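Worksheet for the structure shown next.
Letters go in sequence order (proteins before strands), and every chain restarts at 1. Keep in mind it's a predicted model, so treat the numbers as computed, not measured.
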Protein chains: 2
Amino acid sequence: MSKRHNTTLKELALALNLSISTVSRALNDHPDINEKTKENVKKLARQMNYSPNLFARSFRSQKTNIIGVIVPNISHYFTSTILKGILEEAEIQGYRVIISESNNSEAKQTEMLNTMTQFGVDGILMSLARKTSKVDDVLRTLSRAPIVLFDKVSQKIPCTQVVINEEEAAFNAVEHLIELGKERIAIIKETENSYNSEKRYAGYLRALEHHGIRIREKIILSTEDISLIHGRRLTNILLSMKKRPDAIFAITDDAAIGAIKALNKFKIKIPEEIAVVGFSNSASSKIIQPELTTVDQPGDKIGRTAVKYLIDEIDSPSNNIVTKTVEIKTTLVVRDSSLRA
Amino acid sequence: MSKRHNTTLKELALALNLSISTVSRALNDHPDINEKTKENVKKLARQMNYSPNLFARSFRSQKTNIIGVIVPNISHYFTSTILKGILEEAEIQGYRVIISESNNSEAKQTEMLNTMTQFGVDGILMSLARKTSKVDDVLRTLSRAPIVLFDKVSQKIPCTQVVINEEEAAFNAVEHLIELGKERIAIIKETENSYNSEKRYAGYLRALEHHGIRIREKIILSTEDISLIHGRRLTNILLSMKKRPDAIFAITDDAAIGAIKALNKFKIKIPEEIAVVGFSNSASSKIIQPELTTVDQPGDKIGRTAVKYLIDEIDSPSNNIVTKTVEIKTTLVVRDSSLRA
DNA sequence: AACGTTACCGCAAACGTTTGCGTGTCATAT
DNA sequence: ATATGACACGCAAACGTTTGCGGTAACGTT
């Protein structure tokens, strides 16, 4: 078995005593070709294990059937579920996927964008690096290939954006706490004005207002890095207050778990004294004791719909590109950290 | 700005009044070309924002600079850290990465293999689907492109395999328990004879023997699906025994966490009554209470070395392919679940 | 003056595929 | 008999790049 040889159209043509073009058309079911001939060609193609040289093909057709994906961090659980969805849907639609990480670096991100367009991907799926400010890089590539944003998006970029119903999800989460009888509900959010944080905060405010609960600035806490450590840190601050909150809504599972760890340390009863709700339904939310109530974000669905919209763009490029937001529904998963006793 | 136009060598040649070949050579620093000419060409190339059509290039050179990666499940944390390493190293070496999931289905796996070779990847990185029996599919593709296996490997496939020092890692983990004074150490492993499970079990046995501890068949438990649920289930079985073990070595963090959950439920003191050690240093191992002692597997390093070996194969294909195992060192991360009081 | 060498550069082929256009054959209609 | 059309197929160009080979001019050597 020779190490490296693919049968070509030429070889098939030679063997069948036909022209290359006829063989090509036969394999592509072109109406000009006789049925009998098609059969013969296809049969021999199978026998000789023919498969078209995809590079020659995309070289000619200027279509690669590859979509590029750029995410901040592939190891983030939620991200990886989105990737799962992307891979599945892309395969169904006959596309291959090349993935790269921006590591939350804007420079890396634009570098990846350039690499991808240079490579000739048909379209790009992207979740923005934190603090993406210079969107002009993105805009430039937008003129060369369609882009669909997901999760970490920016309204400054005129393209379709697939996100979850952040505001509503947060509203539901907070409302759930209110229905539990809580009325002094703290929130742990990001200082940076990220799309996600903003929306969730808005949902928090709307829920309080809707239920006529006073908004207390003191228990609205922000942190640069919304992680377990800072969740714990901010919770300790909350615990040091004269009047403690009776619930904590953390904008992120990590922060929520940090909160629980802090509460556990002081043997504060969850949810009786302080209830906790997170956001993401990460794997860890089922590990922590008590298990965490959280918002489930259907990552695979996000990935799939993002792919669908992108391929739509690829197939029929709309010259009037415009910001279009697609929202995926989330559901609140109620667990022990906010369960009615 | 036109939606889709890349400057070509021809355009550069036309503008410079040179031949296409000269322009090509100038850009590739061919010695035949005058320095001054090179400068001019490169300058204009920058100005006109030239970038070579990679498809034309790989179409001609029969080299794609793409490596394909097949993993069972991209959302598995350990896997994603390996992918991280793969992406980093590949980028450094100027390769692009296309990723696909086998979902632990052997059929899907061979399908992906075919797609990849058809696509013309320069090499394949792969972690085998569970219960991969018909390795002849893999062998067939092995004749078309180099393969390097990692994590889930099989000695039946003659290629280089990048794994961790499974046996030694398990030995160290169990020895750690022994040094803690434990001597009735249970193990939770897989029923299936996977490479990983076998090796870890061997390390367990060797540690016991080395310290003159009797091997008790009763506390050697196996399960088909080594998950949290079954870790909990098997731990309940251990707890129902007349003479309980004083430590549990779970071959997987998930199972170990299941064990801890079971122990917590019965308020059994960890590690005083029963210590627990897991395997993987997953994110969850720091979430569970008490935090889990576990074996840290440096995923990124595994990914990087796998890429290095693969590119070696690509650059200088060895016709005498042979099984070669590369072991990456692990370290034991000691946490509360096995801390000396 | 004849020749060899060197430095630069262009011609043209090749990679495998798709596709517009042309061509031949045959049957049917006029 | 000629015109018309349908049918089936081949020719050749094109996509952008790389590269072996050949060519030309200039210069140095004998």
[options]: which one has an atom nearest the side-chain heavy atoms of [X]?
X: B:Ser24; options: D:dC11, C:dC9, D:dT18; answer: D:dT18
X: A:Arg57; options: D:dG16, C:dT18, D:dC21; answer: C:dT18
X: A:Ala56; options: D:dT18, C:dT17, D:dG16; answer: C:dT17
X: B:Gln62; options: D:dG16, C:dC11, C:dC15; answer: C:dC15
X: B:Arg60; options: D:dC9, D:dA13, D:dG16; answer: D:dG16

Practice problem: With heavy atoms under 4.0 Å as the rule, sort A:Thr37 into base, sugar-phosphate or nothing. | Solution: sugar-phosphate
Quiz item: Checking all strands, does A:Leu18 fall into the base, sugar-phosphate, or nothing category for heavy-atom contacts under 4.0 angstrom?
Solution: sugar-phosphate
Can you find an N or O donor on one side and an acceptor on the other, under 3.5 Å apart, linking the side chain of [X] with the base of [N]?
X: B:Ser61; N: C:dC15; value: no
X: B:Ser21; N: C:dC9; value: no
X: A:Asp32; N: D:dC9; value: yes

Can you check the [X] [atom1] to [N] [atom2] distance for me, whole Å?
X: B:Phe55; N: C:dG16; atom1: CZ; atom2: P; value: 17 Å
X: A:Asn53; N: C:dT17; atom1: CG; atom2: C1'; value: 8 Å
X: B:His30; N: C:dT6; atom1: NE2; atom2: P; value: 16 Å
X: B:Asp29; N: C:dC9; atom1: CG; atom2: P; value: 14 Å

Practice problem: Determine whether the side chains of A:Ser21 and A:Ser24 contain a donor N or O and an acceptor N or O closer than 3.5 Å. | Solution: no
Practice problem: Report yes or no: do B:Arg144 and A:Asn6 form a side-chain donor-acceptor pair below 3.5 Å? | Solution: yes
Quiz item: What do you reckon, do B:Phe59 and the base of C:dC15 stack, with centroid distance below 5.5 Å and planes below 30°?
Solution: yes
Quiz prompt | Pair B:Lys42-B:Asn40, side chain to side chain donor-acceptor pair (under 3.5 Å): steps then yes or no | solution = CA-CA 6 Å; B:Lys42 288 180 181 175; B:Asn40 288 338; over 6 Å; no
Exercise. Take B:Leu54 and B:Arg25, find for each the nucleotide of DNA chain D with the closest heavy atom, and name the residue whose nucleotide sits nearer the 5' end.
Key: B:Leu54
Self-check item: Test item: B:Gln161 side-chain N/O and B:Val153 main-chain N/O as donor-acceptor pair under 3.5 Å
Solution: no
Quiz prompt | Salt-bridge criterion met for A:Lys84 and A:Glu89 (N-O under 4.0 Å) | solution = no
